[in-house]
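Read through the structure below, which is laid out as structure tokens, and then see the notes.
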Amino acid sequence: MPALVAPSVLSADFGNLQRDIEFLNNSDADWFHVDVMDGVFVPNISFGFPVIKTLQQHATKPLDVHLMIVNPDNYIDELGKYKPAVLTVHYEACTHLHRTLQRIKAVGAKTGVALNPHTPVSMVKDILHEIDLLLIMSINPGFGGQKFEPLAIEKVREAKALITAKGTHTLIEVDGGVTPDNCDALIAAGADVLVAGTAVFAAPDRNAAIVRLKG
Ligand code: DX5
Ligand code: ZN
């Protein structure tokens, strides 16, 4: 099955954001991947509500919001106003993950949980039935343009086996350093959604890059 592709807006040209949003609207991209960083959970700050509001106003495809922030519970209600299709929190940032996922559902979004490279897939075994999207990080989060960590391929395989064993409908997403060189292996391992920043926005033909990443 071809993967869905979610280009990361982090790699867009923020001086021409509307132009890049229109490009994605008219491209073969499936979702907008929206990276929110707080400078605490990750050593970088990206953007917040004004940009997310702009995306909601102009994007014609689902917003896949990836929260790389501590205390995500404090912002779920506000984020809910911008109608994200998926709200993904980090496993490592949530002491009461079950409660956080209920809050995400309460604002009408699908639930996402991201795992840093050091976090085993087995950590979400008991809560998988509450997770619509499991995000396997193939880099340490914080920056676009980093090198893909191949361990992620094995983690996708493990996640797929767990999802099959538990009988849930959880989608597997991979984020970080995804390129035409690793997308086929990720899809073969069971990835449903591939995030790509650099591989799309730095490509000479950006739509051809999106089509290629689908596998
Ligand atoms: C990084 C973000 C990623 C990033 C991907 O922490 O979560 O979504 O933008 O960018 P590339 O595809 O360039 O690694
Ligand atoms: Zn991301």
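One-based numbering, in listed order, for ligands and for the atoms of each.
The number of heavy atoms from other shown groups lying within 6.0 Å of NZ (Lys110) does not exceed 12. Within 6.0 Å of the NE2 atom in His118, the count of heavy atoms belonging to other residues, nucleotides or ligands exceeds 12. Counting heavy-atom neighbours within 6.0 Å of Arg19 CZ, excluding the residue itself, gives a total above 12. Within 6.0 Å of NZ on Lys105 lie more than 12 heavy atoms contributed by other residues, nucleotides or ligands.
If you run side chain to side chain contact (heavy atoms under 4.5 Å, CB included) between Thr88 and each of Leu67, Asp175, Leu133, Val65, only Leu133 comes through. Checking Asp181, Asp205, Asp184 one by one against Arg212, the salt bridge (Lys or Arg N to Asp or Glu O under 4.0 Å) holds for a single residue, Asp184. Between Thr170 and the choices Asp192, Leu162, Leu134, the side chain to side chain contact (heavy atoms under 4.5 Å, CB included) rule is met once, by Leu134.
Distances shorter than 2.8 Å separate the Zn ion (ligand 2) from the protein N/O/S atoms His33 NE2, Asp35 OD1, His66 ND1, Asp175 OD2.
His66 and Asp64 form no side-chain donor-acceptor contact under 3.5 Å, judged by distance and modelled atom types alone.
Residues Leu186 and Phe148 form a side-chain contact, since some pair of their non-hydrogen atoms from C-beta on lies under 4.5 Å apart.
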Between ligand 1 and the protein, which N/O pairs fall short of 3.5 Å?
{"from": "ligand 1", "atom 1": "6 (O)", "to": "Gly142", "atom 2": "N", "distance (Å)": "2.8"}
{"from": "ligand 1", "atom 1": "7 (O)", "to": "Asp35", "atom 2": "OD1", "distance (Å)": "2.9"}
{"from": "ligand 1", "atom 1": "7 (O)", "to": "His66", "atom 2": "ND1", "distance (Å)": "3.2"}
{"from": "ligand 1", "atom 1": "7 (O)", "to": "Asp175", "atom 2": "OD2", "distance (Å)": "2.9"}
{"from": "ligand 1", "atom 1": "8 (O)", "to": "His33", "atom 2": "NE2", "distance (Å)": "3.4"}
{"from": "ligand 1", "atom 1": "8 (O)", "to": "Asp35", "atom 2": "OD1", "distance (Å)": "3.1"}
{"from": "ligand 1", "atom 1": "8 (O)", "to": "Asp35", "atom 2": "OD2", "distance (Å)": "2.8"}
{"from": "ligand 1", "atom 1": "8 (O)", "to": "Asp175", "atom 2": "OD1", "distance (Å)": "2.7"}
{"from": "ligand 1", "atom 1": "8 (O)", "to": "Asp175", "atom 2": "OD2", "distance (Å)": "3.0"}
{"from": "ligand 1", "atom 1": "9 (O)", "to": "Ser8", "atom 2": "OG", "distance (Å)": "2.9"}
{"from": "ligand 1", "atom 1": "9 (O)", "to": "Asp35", "atom 2": "OD2", "distance (Å)": "3.1"}
{"from": "ligand 1", "atom 1": "12 (O)", "to": "Gly197", "atom 2": "N", "distance (Å)": "2.7"}
{"from": "ligand 1", "atom 1": "13 (O)", "to": "Gly145", "atom 2": "N", "distance (Å)": "2.8"}
{"from": "ligand 1", "atom 1": "13 (O)", "to": "Thr198", "atom 2": "N", "distance (Å)": "3.0"}
{"from": "ligand 1", "atom 1": "13 (O)", "to": "Thr198", "atom 2": "OG1", "distance (Å)": "2.5"}
{"from": "ligand 1", "atom 1": "14 (O)", "to": "Gly177", "atom 2": "N", "distance (Å)": "2.8"}

